[in-house]
Amino acid sequence: MVVTVSENQRPSLVRQIAPAAVLTAAGVAFVSLLDNPNETGSVSLDFNAIAGRAAPTSLIPELEAPVVPAPEISTTLAPSPAMTVLAPATEPPAVQAAVACDGDLVASPTALFRWGGIQLQVHFTRSNAICDVAVLQYPADDSKSISINQRALPTYNAEVIAANSARISAVSGATDTWEAYTAALQAVIDSRS
Amino acid sequence: MSRPTTSSQVVATQPLLPPKASWVLDTDVGAVIGALTLVVVGLWARHGGVSSLGGSATDVFTSLASLTGLFASEAGILGLLLVTRTPMLERRYGLDRLFNWHRLLGEVMAILIVAHIVTSIEAWADPTGVMTAIRDLTGREPYMGLTTAGTVLILVVTVTSLKFFRERITYETWWFIHLLSYVGLGFSFSHQIVLGTDFMDDTIARWFWIALHVGVALWIVWGRWGTLIRSLARPLRVESVRAEAGGAVSLTLAGANLRRHRAASGQFYYLRELAPGRWWSNNPFSLSAEPTTAGLRFTIKDRGDASRAFTRIAAGARVAIEGPYGVCTPDLVGDGKVLLIAGGVGIGPIVSFLEQLSPTSQPVVLYRAHARAEVAHVEELERLAAAHGGRLHILVGARTTLKVPDPFAADVLLKTVPDLAERVVVVAGPESMVKAVQRGALRAGAPAENIHAERAWW
Ligand SMILES: Cc1cc2nc3c(=O)[nH]c(=O)nc-3n(C[C@H](O)[C@H](O)[C@H](O)COP(=O)(O)OP(=O)(O)OC[C@H]3O[C@@H](n4cnc5c(N)ncnc54)[C@H](O)[C@@H]3O)c2cc1C
C-alpha cells in the first residue's frame, strides 16, 4: 500500500503566528494583573490578602491599656534589651526633632501577622503631627525574626516621622513587618480623624 | 449504512489507515514555552525580583532563589507534559524524542533545584548564619520538612536516571524509582505556596500557580491512566505464534476493535500480557508487518524476562496494547528512493516498512546479524525487495570476523549503495549500530534530515 505524503502543505503564516500572539497577550495581561505595590521590596504586598486571612481580628484594639501588650501573644512581648536597640537608631531629621512632642500618646492596636504581632506607641504634637513612634511589641520568636525586625523597625519609625503618615516604603526582606506596621499605624491615624 | 456482515469481517482484510496527522506545529510548542516563561519571569519581576538585584547581598540571593525556584518548577511542568502521551504531541515528535526532552528537562530541573537550595540558604543565612538557615529550611519552617523529603526523592530519581546508574539497574527498578518523582514534586509544591515569596501574598498568582499544577496533574492522570484503561478494556488476542530463525518468535495479535484502529508500518506498541504475574510489565515492540484489520504482527527476540515470556506465549492469550507510537513511518519516504538498514531484531520494523513503500522506492535493504542462524524473515524480505524493484544484502558475522572494521563506514556504504546521498535512510537496531549508520550516512553525503531512526531512550 502506498502512503501519500499528506502534511507537506506549509501551514499559513497566520496559523504559525496566531498561537504565539494570543498566548503572549494572555501572559502579558496576566502579569499586569499581579500585585506590584512596592518597588523596593523583594516580597510582594497584598494588604487585602492579609486582611482577608486574619480579619476582622487582625487588629485587636488595646486602647485602654496603652503599654500592656496583647495578652494572647505574650511570647511576642518585646524584650527590653530589644527596646534599647529600637530606640531611634536613625535620628529623625533635625527639623522634626525640634518639634515638641506635646500632644497625645496613643497605643495602636496589635497588628497580627504570620510571624507574630506588632504594636506601636505613637506620640503626636498638639497640631496632630506624628513626632515619635516607639515599638511596644514585635515578633521575637526566633533569631531570624529578631534580626529582620531590628533592622527594619528603626527605619520605619524614622520614615513615619519624616512622612507624618503611614505611607512609607518597605525595607526589602521585611515586607511582612511593613504590612503589619503600616496597618497598626493607619489604625491609629484613622482613629483620630 | 448497513453494518458489515460477519463474513465480510473475516474476508476483507484491509491495511489500517495511518494515524491522523498532528495539527501541532513547532511554533505552537514555542508559543506555549514562551508564554509560560513570560509568566514566570513576569511573576518574579513584578514581585520585585529585578529591583532586588540591585540591593544587598541578601536581597540578591532572595531574588535569585525565587527565580531559580520558579524556573525549576517550569522545567518540571514542561517535562511532565512531555510524558503525558498526548497524541498530538506524540504524532508530531515521536515518543523517543519526547522522552529524551523529558530527560533533558529533568536534568535542567535538578540543576536549578540545587541552585535554588544554595541561594535560599544564602538568603536565609543573613544574619543568623548558614547552619541556622539549613536547620530552618530543612524542617523548622512550615512545610520545609516535607519539601526536604520531596527534594531528596527528586534528586534520587535524577541520579538514577543518569546513564551510569541507569545501565546498572533493571528497567523495572528504575521505573518504580521514577514514580517517586510524582511524590517528590507533590511534597515540594507545598512550600512554594506557603513560603514562596511570589505566591504567599499574591492571591491571583497563587491561584494561577495552583491551577497550573492541578491542570498538569489531571492531564497526566488522564493521559497515562486513560491510555492504560483503554488498553485494558479492549485487549487483543494472540491469533498465531510462529517460530522464526535465531529463537525469535513472530506473533499476530487480533481483535474486532482493530477495524477502527489506525496505525502505520514502522510504529511500535507497548505490549502487556494479561496473565498472572505478567500484567505489570509493559514492553515496547515494533510492528513487523503492515498493520491490517486481520492483525498486528510483532517479531520478538528473547532478551530478558519480559521478552522471553512473549516468545513463549500461547495462541489465545490476551494482550493489552498501548499505541501505536513512533513517527518513523513510510510517509517519510514519500515517492523517493530508500535505504533500509536493520540490525538484529530491528529487522521487524524494516519488514513492515517494505510492505508500505511505493513502487518507486527501489529499496536497498542492508541486514546485519551476528550469525546466519539469526537472520529472520528472509523469504519475506527477498520477495518484498524484488516486488519494489530493490535488493537485499545480508551481512553476517561477529564484528571481528568482518573484512572491514566498520561495515557502516561511508566508503563501505557507498560501494554497496552508490546513490546513497539521494536516498532516505531508515535504521532500526541496537543503539551502537544506529549511531554508526548515522555517522557513515552523513559522511557519504546523505542530508541529516533524511536519516531516520527510532532514538534510544531506555
Ligand atoms: C521502540 C522500541 C521498539 C522495539 N521493538 C522491538 C522488537 O520489535 N522486537 C524485539 O524483540 N524487541 C524490541 N524492542 C526491545 C524490547 O522492548 C526489549 O527487548 C524488551 O523490553 C526487553 O525486556 P526484558 O524484560 O525482556 O529484558 P531486560 O533484561 O529487562 O532488558 C533488556 C533491555 O531492554 C530494555 N528494556 C526493558 N524493558 C523495557 C521497557 N519497558 N521499555 C523500554 N526498554 C526496556 C532494558 O533497558 C535493556 O536495555 C524494542 C524497544 C524499543 C524501545
Side-chain angles (χ1 to χ4, degrees), chain A residues 1-13 15-50 52-53 113-114 142-148 150-151 170-176 179, chain B residues 15 18 21-23 25-28 30-32 34-39 41-43 45-49 51-52 55-56 58-59 62-63 66 123-124 126-128 132-133 136 140 197-206 208 264-265 290 329-335 355-359:
Chain A
M1 191 202 129
V2 180
V3 178
T4 47
V5 182
S6 58
E7 51 173 4
N8 265 4
Q9 310 110 352
R10 287 198 109 248
S12 70
L13 202 61
R15 169 67 187 82
Q16 290 184 57
I17 293 173
V22 170
L23 284 175
T24 307
V28 169
F30 171 76
V31 169
S32 61
L33 270 180
L34 297 174
D35 283 322
N36 181 30
N38 157 46
E39 287 297 335
T40 58
S42 61
V43 178
S44 85
L45 299 169
D46 187 346
F47 191 82
N48 293 330
I50 282 282
R53 212 180 293 159
F113 64 125
R114 301 196 315 134
D142 56 90
S143 54
K144 180 86 184 166
S145 282
I146 294 177
S147 70
I148 288 179
Q150 290 193 350
R151 181 165 58 95
V171 171
S172 64
T175 34
D176 284 351
E179 287 184 27
Chain B
S22 167
W23 50 261
L25 305 180
D26 291 350
T27 47
D28 299 345
V32 170
L36 189 57
T37 309
L38 180 96
V39 166
V41 174
L43 265 169
R46 197 79 179 147
H47 292 152
S51 48
S52 295
S56 67
T58 301
D59 290 343
T62 307
S63 166
S66 114
W124 202 271
D126 175 29
T128 50
T132 316
D136 284 351
R140 293 215 315 205
T197 48
D198 290 301
F199 304 115
M200 61 186 187
D201 293 332
D202 188 331
T203 322
I204 300 177
R206 184 167 60 244
F208 165 77
S265 287
E290 175 178 51
T329 56
D331 59 353
L332 292 174
V333 179
D335 294 328
E355 286 193 89
Q356 282 193 338
L357 287 176
S358 79

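Within every chain, numbering begins at 1; the chains are lettered A, B, ... in the order of the sequence lines, protein sequences first and strands thereafter.
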Worksheet item: B:Ser66: what forms a side-chain contact (heavy atoms from CB on, under 4.5 Å) with it, not counting sequence neighbours?
Response: B:Trp44, B:Leu70, B:Thr197, B:Asp198

Worksheet, complete the sentence: Sorted by chain and number, sequence neighbours left out, side-chain contact (heavy atoms from CB on, under 4.5 Å) with B:Leu25 holds for A:Pro11, A:Arg15, A:Gln16, B:Thr27, B:Asp28

Worksheet item: Of the backbone (N, CA, C, O) and the side chain (C-beta and beyond), which part of B:Val32 lies under 4.5 Å from a heavy atom of chain A, both, or neither?
Response: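 Both the backbone and the side chain of B:Val32 come within 4.5 Å of chain A.
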
Worksheet entry | Which atoms of B:Ala123 approach chain A - backbone, side chain, both or neither, heavy atom under 4.5 Å | backbone

To check you understand the geometry: which heavy-atom pair defines the closest contact between [X] and [Y], and what is its length?
X: A:Thr24; Y: B:Leu38; value: O-CD2, 3.8 Å
X: A:Leu23; Y: B:Ala35; value: CB-CB, 3.7 Å
X: B:Leu43; Y: A:Val31; value: N-CG2, 4.5 Å
X: B:Ala31; Y: A:Pro19; value: CB-C, 3.9 Å

Discussion item. Quick check on A:Val22 against chain B: is it the side chain, the backbone, both or neither that has a heavy atom closer than 4.5 Å?
Written reply: neither

